[in-house]
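Below is one structure, written out as structure tokens, with a few remarks after it.
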Amino acid sequence: MSSELPKQYEPQQAKQECLKFWEDNKFFNANPLAKGEPFSIVIPPPNVTGALHLGHALNNTLQDILIRWRKMQGFNCLWMPGTDHAGIATQAVVEKRVKEEEGKSRHDLGRDLLVKRIWDWKEQYEKRILGQLREIGSGCDWDRTRFTLDSVCAQAVRSTFFQMFKQNYIYRGKRLVNWDTHLQTSVADDETFTETVKGSFWTFRYPVVGSDEFIRFSTTRPETMLGDVAVAVHPSDERYAHLVGKKVRIPLVGREIPIIADGILVKKEFGTGAVKVTTAHDRNDYACGLRHNLPLINILANDGTIRDGFGVYSGLDRYEVRKRITEDMEKLGFFEGKEDRDIELAHSDRSKTPIEPILSDQWFVKMDHLAQLAIDAVKDGKVKFYPERYADTYLDWLGEKRDWCISRQLWWGHRIPIWYSKCEEADLIKVFGTRNDVCWIRDNENHQWLVCALNDIPADALGKDLQIVQDNDVLDTWFSSALWPHSTMGWPEQTPELQKYYPTSVLVTSRDIITLWVARMVMTGLFNTGKIPFHKVYIHPKILDGFGETMSKSKGNGIDPLDIISRYGADALRYQMAHLATETQDSRMPVSNICPHCETLVAVKQEHMYMRTRKVTCPNCKKVFRPGGPWPFPDPELLTACQGSERFEQGRNFATKLWNASRFLFLNLEGYQAGNIEIHTLPLEDQWILSRLQRTAEELTSHLEEFRFSESMRTQYEFIWSEFCDWYVEMSKGRLKDENKAVAQRVLVGVLDAILRLIHPFMPFLAETIWQALEEVCPVRGIPEPSRVEKSVVLAAWPKYPASWFQPQIEARITRMQELVRAIREVRNRYLLDGRKLLDIKVRCSESIATDLKSLKAFLTHLGGVGDLECGPEVLRPSQSASHLHPDFEVYISLLGLIDVQAELVRMEKTIVEKQKQILAIESKLGNEGFVAKAPPKVVALQRETLHDLSSQIKVISENMVSLKQGN
RNA sequence: GGGCGCUUAGCUCAGUUGGUUAGAGCACCAGCUCGACACGCUGGGGGUCACAGGUUCGAAUCCUGUAGCGCCCACCA
């Protein structure tokens, strides 16, 4: 019965086999009707804009770790997967593509055709994204995969909008949007960029009505004078105090406008201290207008010309008007001066022309009450942030209670379920009066009815003569994302999923969407279901590139997780992801292009970013390639590099290490017999590794409970590599060769079984592959009582051991032995002694330690190459020996004929100097009355003890030096 | 401008409530192919904990300030 593990771990093969095995068995499919306390997570749905990058790999690896771990703990788990339609971003990408390929604008294509094209794009990228998630190992319930624009989500969106509208949470209002006068469309904030342009800063004056005074102000946009509705000064500005409440006359249009005091809009020191207020064309002015109940005067037409009603200026382009107005003001004597100035101006990403803030009708969600609900949920501790400080971000933002503009002038998204009609209310009552899925309110400004409906209203619903037309706009993407935790579970239907898995257990996300997404989920969750959407929010760090910048597609510094998986394996990727999920810090990940010709890693430089560099010459093979990154298409003439990073080698190496240790076991399992184990009769080394295992499992569990992923990974690395492989496996080698190997095999297999369970949430492919191999040789295993194990490590129970396994006295004995071995190895290395040559050693120590060391002689021989061992209180230093001091013992290694007396003396002298330095430090501490009086007695005692040890060590070293000098 | 963070070895990062001589991985140096593993083994070198003050018997850790960096928000008439 011998089974071998292949010489090499093949991560690609392991991945394919495991994925098939898991999916065929539907291990991760949730059953809301089954038993078990629920543990659920909804995925932060990736945008279908493009492929996933390393940030997603991090986000999803952490979620998967939690899901796999909780599943092993016996929870009834659901991880809900899906993607987000990402309105603006996706539409922009597809529009750009259409433009590039066919030279057509969206208007050329028309709404229906463009939307269809976007659906095609969505199908393609959704497939790719879900594929990437799968390859990472994500244990999602794929059968439940949702999309924010699918029918289930659409129903939730409709219901939410309808209820909010009915309860007056949704209203129609004015808002300044970024208007692209060239494309004649509004653009989102993130579709704009600011650029510094040469501009001017004009100063004018307005005459105060009924006085001979003037008020001076400055502006960079004189044409907006036409829309001025007030002049504001600071309330505490004495220069203008007497003018507040009076009026000024705008010379060119003759309108009289008030002088108001506004401490928010105006900064006393800036400019003249007075500001013209143009509510319809400036955000700050608009806000000021709301505070002071000022009117709105829209001066701009959609094409950037001045609207009708402004006399000679009407119909002219705004820049022409700017010129004319400055000239006209000067002629009238109201011009005070002009200075050149660099101006930060918002531009449209798409047309590259300057943005005009323009007033338009939009839909809003009233935030006061909803925000308060969400604030209370966190303040009352119902929703908890990890790390806690992120609650501040959340609370600060919600505290502003700014109404949420939910309409977007796009075609891709949930169309706003509002219909307009200029009919009589009687018509509405006649047609919809008996229906509870329709409601309406009056829009007096535009003399029409705003009708909201749960189900679409046909254009002829009111009859042939009365038009009823749907709003053209769509909802902000975040409106549907905000419903994600309950919409994906079928709300508003009371589905079994909703009852079992909602509220979800934890949300895992990154900090930049705490406000946009997390806060809104809490709001809508409470509004729709009366329940919070999740109990905990874990915020993980961000992965930055080697220069400390966030990774993004446009910069071209992102990494495709599949590149990493193909080079280092998914386990290595996950290892590294968990490893860098620390509490505080973002993590830098220097990226390299891997030369497609010779595999050399060529570090990405900043000039490679933003797709500026299309060709890179490999410094090794001198051949040319295209750097890796977000290139839309393959280059027919140039090979594109994959990307990689040395950071992932640690994970790959760790996987290999565990693989090889397992392989060693497999080579020594002949004759394996399952059997009971009595822990307290086991040899010392077995009790030691079980003690360490108990501690490791306990620590790991508590790390995971507190989302300390990085520490979880470190704890495991340390246990598996340093304790299990470096010491325990070595210590058990002897026993595997003798006739009593049965127990050694059982313990080794038992510990490996435990290791596979513990490592599984982190490195599932590796764990499962070894688990399956172990299945063939020892399906019955475990400590203390073996049992038939589960068919997959996914289904195995998470380890938890009795506290009695932890034996500090045994750990101390092993630690001392290890220190002795290290001391011997150090001498061996110092003299470059043959590793195989046994060394006779003498150890001066107490009687009890001597007894202990003698009992560990076999290990000392195997691990430290000890030949003769003499120990006890009477041991004398042999002549010409190297020595090493330890608080518990002095070890002497005879180096007859080998010793370099001079070098040894120098080294000893150096040690003495170091120890004396420490003595001085401690003595000064102890000499300090404050320390002795105020420090805890324990700390003081420890210092005294250390002082004592150091002195006696110096004494011993000095004696050894004397005898060395004398030729002994 | 407001808010939240960060600055520890050449690089990337740990460092729990202040308490012996500040840790890890990579890189570096030296030695090692002895039957799991060179993606390895053994040992070693390397740090004024950004800077300046303060609190304390005692500070990488707490407070203040300065400099640099990152992110989010608001962006200036």
Side-chain angles (χ1 to χ4, degrees), chain A residues 5 7-9 194 201 217-221 224 232 265-267 270-272 274-278 282-285 343-344 346 387 389-390 392-393 396-397 400 510-516 541-542 544 546 548-550 568 572 579-580 582-590 645-647 649-668 708 710-711 714 717-718 722 725-726 729-730 733 822 825-830 832-836 914-915 917-918 921-922 925-926 928-936 938-940 942-943 945-947 949-950:
Chain A
L5 224 44
K7 187 117 181 122
Q8 270 276 316
Y9 175 52
T194 52
F201 193 61
F217 61 88
S218 303
T219 178
T220 55
R221 293 187 296 161
T224 61
L265 181 69
V266 183
K267 286 214 178 89
F270 196 90
T272 65
V275 188
K276 66 194 234 14
V277 184
T278 320
D282 181 285
R283 288 212 177 158
N284 292 320
D285 292 3
I343 294 167
E344 296 280 314
R389 71 188 127 92
Y390 289 113
D392 293 341
T393 308
D396 286 352
W397 185 80
E400 291 181 25
S510 115
R511 81 178 96 87
D512 37 9
I513 49 178
I514 289 173
T515 55
L516 293 174
K542 297 180 71 103
L544 311 175
E549 295 191 46
T550 49
Y568 306 95
H579 205 269
L580 55 75
T582 60
E583 176 146 336
T584 50
Q585 296 225 88
D586 290 343
S587 193
R588 289 185 184 207
M589 178 75 67
S645 172
E646 290 176 6
R647 294 268 172 276
E649 288 175 11
Q650 191 182 351
R652 180 199 55 187
N653 296 354
F654 181 50
T656 305
K657 184 71 182 180
L658 179 53
W659 179 265
N660 282 313
S662 307
R663 194 165 161 267
F664 166 78
L665 249 72
F666 278 82
L667 294 171
N668 288 282
R708 292 189 297 257
S710 184
E711 287 182 59
R714 264 199 298 279
Y717 186 89
E718 173 75 15
S722 307
C725 293
D726 288 353
V729 169
E730 289 305 322
K733 276 182 179 169
R822 288 203 182 96
R825 284 171 178 170
E826 195 265 318
V827 171
R828 201 185 273 281
N829 264 294
R830 206 193 308 153
L832 299 180
L833 302 177
D834 182 344
R836 274 162 295 186
E914 272 171 25
K915 292 195 189 277
K917 241 196 240 166
Q918 289 164 36
I922 294 177
K925 255 190 205 177
L926 288 171
N928 183 334
E929 281 176 31
F931 176 70
V932 181
K934 293 186 185 172
K938 245 188 184 172
V939 174
V940 178
L942 202 61
Q943 290 292 323
E945 204 178 303
T946 311
L947 183 66
D949 287 347
L950 285 168

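Bear in mind that the values here come from a model prediction, so they are computed numbers and not experimental data.
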(message) Counting only side-chain heavy atoms from C-beta out, which of B:C37, B:C72, B:A77 sits nearest to A:Asp512?
(response) B:C72
(request) Applying side chain to side chain donor-acceptor pair (under 3.5 Å), name anything that partners A:Ser218, two or more places apart in sequence or on another chain. (result) A:Thr203
(message) I'd like the P distance from B:U64 over to B:C26, given in whole Å.
(response) 39 Å
(request) Could you measure between the two P atoms, the one in B:G35 and the one in B:A14, and give it in whole Å? (result) 40 Å
(message) Could you tell me how far B:A9 sits from B:G3 if I compare only their P atoms? Round to whole Å.
(response) 30 Å
(message) My understanding is that only residues two or more places apart in sequence, or in another chain, count here; which of them pass salt bridge (Lys or Arg N to Asp or Glu O under 4.0 Å) with A:Lys542?
(response) A:Asp512
(request) Between B:C41, B:A36, B:C39, spot the one nearest the side chain of A:Asp726, thanks. (result) B:C41
(message) In this structure, which stretches of RNA chain B are paired as stems of three or more consecutive Watson-Crick or G-U pairs, both distances less than 3.5 Å?
(response) B:1-7 with B:67-73, B:10-13 with B:23-26, B:28-32 with B:40-44, B:50-54 with B:62-66
(request) Report the residues that fulfil side-chain contact (heavy atoms from CB on, under 4.5 Å) with A:Glu718, sequence neighbours left out, ordered by chain and then residue number. (result) A:Ser722
(request) Return the set of residues passing salt bridge (Lys or Arg N to Asp or Glu O under 4.0 Å) with A:Glu914 (not counting sequence neighbours), or none when no residue passes. (result) none
(message) Please report the distance separating the C1' of B:G68 from the corresponding atom of B:A50, rounded so that it comes out in whole Å.
(response) 8 Å
(request) Could you check how far CH2 of A:Trp659 sits from C1' of B:A36, rounded to whole Å? (result) 12 Å
(request) Identify the two heavy atoms, one from A:Asp285 and one from A:Lys276, that lie closest to each other, and give their separation to 0.1 Å. (result) OD2-O, 3.5 Å
(request) Nearest-nucleotide wise, let me know which of A:Thr656 and A:Leu544 is further upstream toward the 5' end of RNA chain B. (result) A:Thr656
(request) Indicate whether OP1 or OP2 belonging to B:G40 is found under 4.0 Å from a side-chain N or O atom of A:Asn653. (result) yes
(message) I want to check one thing: is the phosphate of B:G43, taken as OP1 and OP2, less than 4.0 Å away from some side-chain N or O of A:Arg825?
(response) yes
(request) Would you kindly compare A:Lys7 and A:Arg830 by the position of their nearest RNA chain B nucleotide and give the one closer to the 5′ end? (result) A:Lys7
(message) Taking B:A30 as the reference, what is the distance to B:C11 when you measure between their P atoms (whole Å, please)?
(response) 22 Å
(request) Find the distance A:Arg822:CZ to B:U42:P and express it as a whole number of Å. (result) 9 Å
(request) Can you sort out the partners of A:Arg822 under salt bridge (Lys or Arg N to Asp or Glu O under 4.0 Å), two or more places apart, ordered by chain and number? (result) none
(message) Ignoring hydrogens, what is the shortest heavy-atom contact between A:Ala572 and A:Gly651? Give both atom names and the distance.
(response) CB-C, 3.7 Å
Close N/O contacts between protein and nucleotides 17-24 of chain B (under 3.5 Å):
from, atom 1, to, atom 2, distance (Å)
B:U20, O2, A:Thr946, OG1, 3.1

(request) Could you state the atom-to-atom distance from NZ of A:Lys657 to P of B:C39 in whole Å? (result) 12 Å
(request) Between B:A36, B:G40, B:A14, spot the one nearest the side chain of A:Ala661, thanks. (result) B:A36
(request) Please confirm whether the backbone N or O of A:Ser645 pairs with a side-chain atom of A:Tyr568, one donor and one acceptor, at under 3.5 Å? (result) yes
(request) Remember a base hit wins even if backbone is also touched, and classify A:Gln8 as base, sugar-phosphate or nothing at under 4.0 Å, heavy atoms. (result) base
(message) Rounding to an integer number of Å, can you tell me how far A:Asn284 CG sits from B:G1 C1'?
(response) 12 Å
(message) Measuring from atom CD of A:Glu583 to atom CD of A:Glu711, what distance do you get when rounded to the nearest 0.5 angstrom?
(response) 8.0 Å
(request) Determine whether A:Val275 and A:Phe217 make a side-chain contact, defined as any pair of heavy atoms from C-beta on separated by less than 4.5 Å. (result) no
(request) Using the test salt bridge (Lys or Arg N to Asp or Glu O under 4.0 Å), find all partners of A:Arg511 that sit at least two apart in sequence or belong to another chain. (result) A:Asp586
(request) Please report, rounded to the nearest Å, how far the C1' atom of B:C73 is from the CD1 atom of A:Ile513. (result) 16 Å
(request) Check whether any side-chain heavy atom of A:Leu580 lies under 4.5 Å from a side-chain heavy atom of A:Met589, and answer yes or no. (result) yes
(message) If I compare all heavy atoms of A:Thr224 with all of A:Thr278, which pair ends up nearest, and what's the gap?
(response) O-CG2, 3.5 Å
(message) Is there a side-chain contact between A:Ser218 and the phosphate of B:A77, meaning an N or O under 4.0 Å from OP1 or OP2?
(response) no
(message) Using the side-chain heavy atoms of A:Glu730, tell me which of these nucleotides is nearest: B:A36, B:U42, B:C71.
(response) B:A36
(request) Quick one: list whatever passes side chain to side chain donor-acceptor pair (under 3.5 Å) with A:Gln650, sequence neighbours left out. (result) A:Tyr575
(message) Could you tell me how far B:C76 sits from B:C63 if I compare only their P atoms? Round to whole Å.
(response) 35 Å
(request) Grab the CZ-C1' distance between A:Phe654 and B:C39 for me, whole Å please. (result) 13 Å
(request) Assign A:Arg511 to base, sugar-phosphate, or nothing according to its heavy-atom contacts below 4.0 angstrom with the strands shown. (result) sugar-phosphate
(request) Kindly write out the residues that satisfy side-chain contact (heavy atoms from CB on, under 4.5 Å) with A:Lys7, not counting sequence neighbours, or none if the list is empty. (result) A:Arg663
(request) Indicate, with a heavy-atom threshold strictly under 4.0 Å, whether A:Thr550 touches base, sugar-phosphate, or nothing. (result) sugar-phosphate
(message) How would you summarise protein contacts on nucleotides 2-12 of chain B per nucleotide, using B for base, S for sugar-phosphate only and - for none, with heavy-atom distances below 4.0 Å?
(response) -S-SSS---SS
Pick out the pairs of N or O atoms, protein on one side and nucleotides 29-32 of chain B on the other, that lie under 3.5 Å.
none

(request) In whole angstrom, give the distance that lies between atom OH of A:Tyr9 and atom P of B:A38. (result) 18 Å
(message) Categorize A:Phe201 for me: base, sugar-phosphate, or nothing, with a 4.0 angstrom heavy-atom threshold over every strand shown.
(response) sugar-phosphate
(message) Output the rounded distance in Å from CZ (A:Phe664) to P (B:C34).
(response) 17 Å
(request) Using the C1' atoms only, state how far B:G23 lies from B:G15, rounded to an integer number of Å. (result) 7 Å
(message) Are there over 12 heavy-atom neighbours, none belonging to A:Lys733, within less than 6.0 Å of that residue's NZ?
(response) yes
(message) On a heavy-atom basis, which atom in A:Arg588 and which in A:Gly546 lie closest, and how many Å separate them?
(response) NH1-O, 3.5 Å
(message) Taking only the P atom of each, what is the distance from B:A77 to B:U17 in whole angstrom?
(response) 46 Å
